[in-house]
Amino acid sequence: MTAAWTRKAGKNAKGGLNEKGRKSYERENPGSDLKAPVKSGDNPRRASFLARMGNMPGPERKPDGSPTRLLLSLKAWGASSKSDAKAKAKAISARNKK
């Protein structure tokens, strides 16, 4: 049987992995320490994620108009689109440098 993080059982319907998926990934990849999304605030981890995912290739929506896993993940971290993610990452980084 495949690991939970690769199946629906380990994925959050709203994007990203659920707790079962994170634990499954950590068992397969010793030394990893996945954490839950940071939905708001000026956390540097949130800025890093938003910047990285805002620059990911590929569409935000499937041909039928439903959101891709990328867009669902961005929404889980508090961004509405790739361009919004880039803008928020830049703003968070600027506030953290003060």
Side-chain angles (χ1 to χ4, degrees):
M1 181 169 236
T2 59
W5 69 275
T6 63
R7 294 178 291 130
K8 190 172 184 175
K11 294 180 181 180
N12 184 329
K14 294 181 180 178
L17 298 175
N18 58 26
E19 184 64 20
K20 182 177 183 178
R22 288 191 297 272
K23 293 298 178 195
S24 169
Y25 181 86
E26 290 171 358
R27 275 192 303 277
E28 280 196 359
N29 298 278
S32 63
D33 185 24
L34 298 180
K35 294 173 178 53
V38 178
K39 298 177 189 239
S40 62
D42 287 348
N43 188 310
R45 191 167 70 89
R46 180 171 178 242
S48 175
F49 176 85
L50 291 173
R52 191 171 61 252
M53 297 305 278
N55 287 306
M56 291 294 286
E60 294 178 2
R61 299 206 173 267
K62 297 176 187 172
D64 67 1
S66 62
T68 61
R69 298 287 302 170
L70 170 63
L71 185 57
L72 291 173
S73 292
L74 286 172
K75 287 183 177 184
W77 285 74
S80 59
S81 66
K82 290 196 284 187
S83 59
D84 183 41
K86 289 180 206 176
K88 286 185 179 196
K90 189 174 183 179
I92 292 168
S93 293
R95 286 192 297 266
N96 285 336
K97 286 184 180 180
K98 289 182 181 180

Nearest heavy-atom neighbours spanning [X] and [Y]:
X: Gly54; Y: Ala85; value: CA-CB, 4.1 Å
X: Leu50; Y: Ala79; value: CD2-CB, 3.8 Å
X: Leu70; Y: Pro57; value: CD2-O, 4.5 Å

Working to the nearest 0.5 angstrom, can you tell me the gap between Ser80 OG and Leu74 CG?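 Going from OG on Ser80 over to CG on Leu74, the span is 8.5 Å.
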So, taking the atom named NZ in Lys8 and the one named CG in Asn18, what distance separates them when rounded to the nearest 0.5 Å?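 So the NZ of Lys8 and the CG of Asn18 are separated by 12.0 Å.
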Holding to side-chain hydrogen bond (donor to acceptor under 3.5 Å, both in side chains), I want the full list of residues that pass it with [X], two or more places apart in sequence or in another chain.
X: Ser93; value: none
X: Lys97; value: none
X: Thr68; value: none
X: Trp77; value: none

Of all residues at least two apart in sequence or in a different chain, which pass the side chain to side chain contact (heavy atoms under 4.5 Å, CB included) check with Ser24?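 Partners of Ser24 by the side chain to side chain contact (heavy atoms under 4.5 Å, CB included) criterion, ordered by chain and then number, come out as Ala3, Ala4, Trp5, Arg27.
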Quick one: side chain to side chain contact (heavy atoms under 4.5 Å, CB included) partners of Ala9, sequence neighbours excluded?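 Here the qualifying residues are Arg7, Lys20.
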Evaluate the side-chain proximity of Phe49 to Ser73: yes if any heavy-atom separation is below 4.5 Å, no if none is.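 Yes; the side chains approach each other to less than 4.5 Å.
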Report yes if the side chains of Leu17 and Lys11 come closer than 4.5 Å at any heavy-atom pair, otherwise no.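 Yes, close enough: below the 4.5 Å cut-off.
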Enumerate the ring pair (Phe, Tyr, Trp, His ring centres under 6.0 Å) contacts for residues 54-73, please, sequence neighbours excluded, ordered by first and then second residue.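 Sorted pair list comes back empty.
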Qualifying ring pair (Phe, Tyr, Trp, His ring centres under 6.0 Å) pairs, either residue in residues 79-98, two or more places apart: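 Sorted result for residues 79-98: empty, none.
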Of all pairs that satisfy salt bridge (Lys or Arg N to Asp or Glu O under 4.0 Å), the ones with a partner from residues 37-51, not counting sequence neighbours: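 The answer is Asp42-Arg95.
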Among pairs that include at least one residue of residues 59-86, which meet salt bridge (Lys or Arg N to Asp or Glu O under 4.0 Å), considering only residues two or more places apart or in two chains?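 Listed by first then second residue: Asp84-Lys88.
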If two hydrophobic side chains count as joined below 4.5 Å and joins carry through other members, does Ile92 share a cluster with Met56?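 The answer is yes; both residues are in one hydrophobic cluster.
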Once salt bridge (Lys or Arg N to Asp or Glu O under 4.0 Å) is applied, do any residues pair with Glu26, and if so which ones, sequence neighbours excluded?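 If we apply the salt bridge (Lys or Arg N to Asp or Glu O under 4.0 Å) test to Glu26, skipping adjacent residues, the hits are Lys23.
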